[in-house]
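Below, read A as the first sequence line, B as the second, and so on, with proteins coming before strands; counting in each chain starts at 1.
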There are 2 protein chains.
Amino acid sequence: MQQGYLGSGLKHISQISQAPIGSLYHFFPGGKTELAAETLKASGGAYQELVEAVFDAAPDIVSGTRDCFQAAAETLRRSDYADACPIATVALEVASSDETLREVTAEIFESWTESATSRFTAGGVEPARARELATVFLATLEGGFLLSRAAKDATTMELLGHSMVELVETAVRR
Amino acid sequence: MQQGYLGSGLKHISQISQAPIGSLYHFFPGGKTELAAETLKASGGAYQELVEAVFDAAPDIVSGTRDCFQAAAETLRRSDYADACPIATVALEVASSDETLREVTAEIFESWTESATSRFTAGGVEPARARELATVFLATLEGGFLLSRAAKDATTMELLGHSMVELVETAVRR
DNA sequence: GTCTATACTTTGATAGAC
DNA sequence: GTCTATCAAAGTATAGAC
């Protein structure tokens with residue numbers, strides 16, 4: 001799905017998945033839309049668990065935030081800037097053309113935001129401000145994926161991480 | 001170009017532009033890649049001028065920042081969340097598949113970042129921090145476009161604007 | 001020089017053989 | 001139930017009439 005929705009042809013998918021194209025329609029009667037929706041949900045859930053695991057392993061939310069951006073930067077470098085947010089490309093592609101898939105991407109982003117909100121609340125951020133901080137966290141991470149991939153430069157993601165860490169630090173100390 | 005690179009077929013472009021498909025290849029011998037590159041450069045330049053105009057009309061960079069995010073939110077609402085960043089969708093689509101277009105998108109983002117860096121420097125931010133602040137500004141704006149379009153909710157962009165305004169205020173006072 | 005018509009490929013999807 | 005073969009439509013690109 002890193003090639004985007006329109007860039008991922010069903011024939012190509014059937015080849016790399018070793019499954020005949022007829023089988024895809026057996027398991028996903030809804031065709032490409034249903035296949036994409038399930039893939040998005042699975043990828044979105046997996047990425048959320050990954051981020052949760054990073055926060056679980058960190059002593060506090062400031063360290064967790066720092067580790068998230070650092071891990072994103074390293075993943076970008078290791079994959080030659082191919083492995084990034086599994087939702088963003090498709091989300092922008094379908095935002096104005098496929099209402100079904102747009103809603104799926106919206107639900108994933110909402111789930112991520114709620115997850116981060118809970119983390120920040122539990123970490124000492126006042127509830128009224130936690131949701132705002134979570135939104136800034138997600139937007140900054142997504143912006144970092146975009147700019148780092150375009151420039152093939154992960155230092156942008158690291159720079160954004162430093163900025164985000166300062167923001168979380170300030171929010172905790174209040 | 002709001003439909004993305006792969007979502008914009010040449011036949012469709014020739015129809016809405018009232019130009020035969022043969023004419024496209026007369027003016028853009030390089031085919032779709034060249035057409036996309038020129039479109040990206042034109043859109044990128046136009047958007048930069050738009051943002052510069054907003055900052056020119058504002059009394060200071062704090063107000064300019066606030067006006068930028070507010071204008072982005074209003075544009076999203078007015079266009080039913082279709083009119084957003086003219087580069088981001090294509091940038092993510094081509095990042096790992098078309099090196100020529102990836103470089104074009106990277107140059108546009110770099111130009112935007114330099115423009116914002118100059119603005120912030122002239123507005124009182126210490127030079128060493130201006131580039132970092134400009135990167136955060138752009139990443140936040142791009143993240144806002146993504147999340148607002150997916151959710152069809154411009155309050156996300158406004159919320160991010162408030163956060164960014166606070167960051168600029170802090171940077172100016174130092 | 002402009003543009004019509006077409007070539008060739010790939011797309012998502014389906015019918016039907018086994 | 002699985003998968004091969006094929007469909008109609010849309011993709012990019014080009015040849016050639018005028």
Electrostatic pair [X]-[Y], nearest N-O below 4.0 angstrom:
X       : Y        : result
A/Glu93 : B/Arg149 : no
B/Arg77 : B/Glu158 : yes
B/Glu34 : B/Lys41  : no

Of A/Pro29 and A/Lys11, the one whose closest nucleotide on DNA chain C sits nearer the 5' end is A/Lys11

Which comes earlier along DNA chain C counting from the 5' end, the contact point of B/Ser23 or that of A/Lys32, where each point is its nearest nucleotide?
B/Ser23

Short side-chain N/O contact to D/dG1 OP1/OP2 from A/His26, under 4.0 Å:
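Result: no.
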
Give the rounded distance in Å between these two atoms: [atom1] of [X] and [atom2] of [N].
X       : N      : atom1 : atom2 : result
B/Leu24 : C/dG1  : CG    : C1'   : 15 Å
B/Tyr25 : D/dG16 : OH    : P     : 17 Å
B/Gln15 : D/dG11 : CD    : C1'   : 13 Å
B/Leu10 : D/dA10 : CG    : P     : 15 Å
B/Ile21 : D/dA10 : CD1   : P     : 13 Å
B/Gln18 : C/dT2  : CD    : P     : 17 Å
B/Leu35 : D/dT12 : CG    : C1'   : 12 Å
A/Phe28 : C/dA13 : CZ    : P     : 13 Å

Quick one: which of C/dG1, D/dA13, D/dT4 gets closest to the side chain of A/Pro20?
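In terms of side-chain proximity for A/Pro20, the closest of C/dG1, D/dA13, D/dT4 is D/dT4.
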
Nearest 0.5 Å, please: how far is CG in B/Leu40 from CD1 in B/Ile87?
5.0 Å

